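Structure first, commentary second.
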Amino acid sequence: MGLFTQLVTLPLAPVRGVVWVSERVLEVAEDQYYDPEPVHRALADLERRLLSGEIDEETFDRLEDELLDRLDEIKAHRAAGQG
């Protein structure tokens, strides 16, 4: 039955290949999107900019809140993936 099934579904092989590649691309994209390291670097850079006088306290607070929200989103995504 295995050989027969493979012969019958052979025309679908390219479709299965495209689906497999698409799933791998999605996995890599999600891994990059949900990587907390760039957010941590951005927070450190933001603090450096505040201390150097490049940005004011109000701008720092606004941008820090956005980055912390992003970290919360990443943590929630990771927690959902483990549950």
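Please read all numbers here as calculations on a predicted model, not as lab measurements.
Because its NZ or CZ atom is both nearer than 6.0 Å to the ring centre of Y33 and within 45° of the ring axis, R70 counts as a cation-pi partner of that residue.
Annotation: salt bridge (Lys or Arg N to Asp or Glu O under 4.0 Å) contacts involving residues 9-28, sequence neighbours excluded, comprise R24-E27.
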Could you pull out all donor-acceptor pairs under 3.5 Å where a side-chain atom in residues 59-68 meets a protein atom, sequence neighbours excluded?
{"residue": "T59", "atom": "OG1", "partner": "D56", "partner atom": "OD1", "Å": "2.6"}

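Through direct or indirect side-chain contacts shorter than 4.5 Å among Ile, Leu, Val, Met, Phe, Trp and Tyr, V21 is connected to W20, V25.
For E58, the CD atom is loosely surrounded, since the number of other residues' heavy atoms within 6.0 Å does not exceed 12.
Contact of the L50 side chain with the E54 side chain is not registered, since no non-hydrogen atoms from C-beta on lie closer than 4.5 Å.
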Between I74 and D35, is a side-chain contact (heavy atoms from CB on, under 4.5 Å) present by the stated rule, with each step listed? CA-CA 7 Å; I74 291 169; D35 181 9; over 6 Å; no

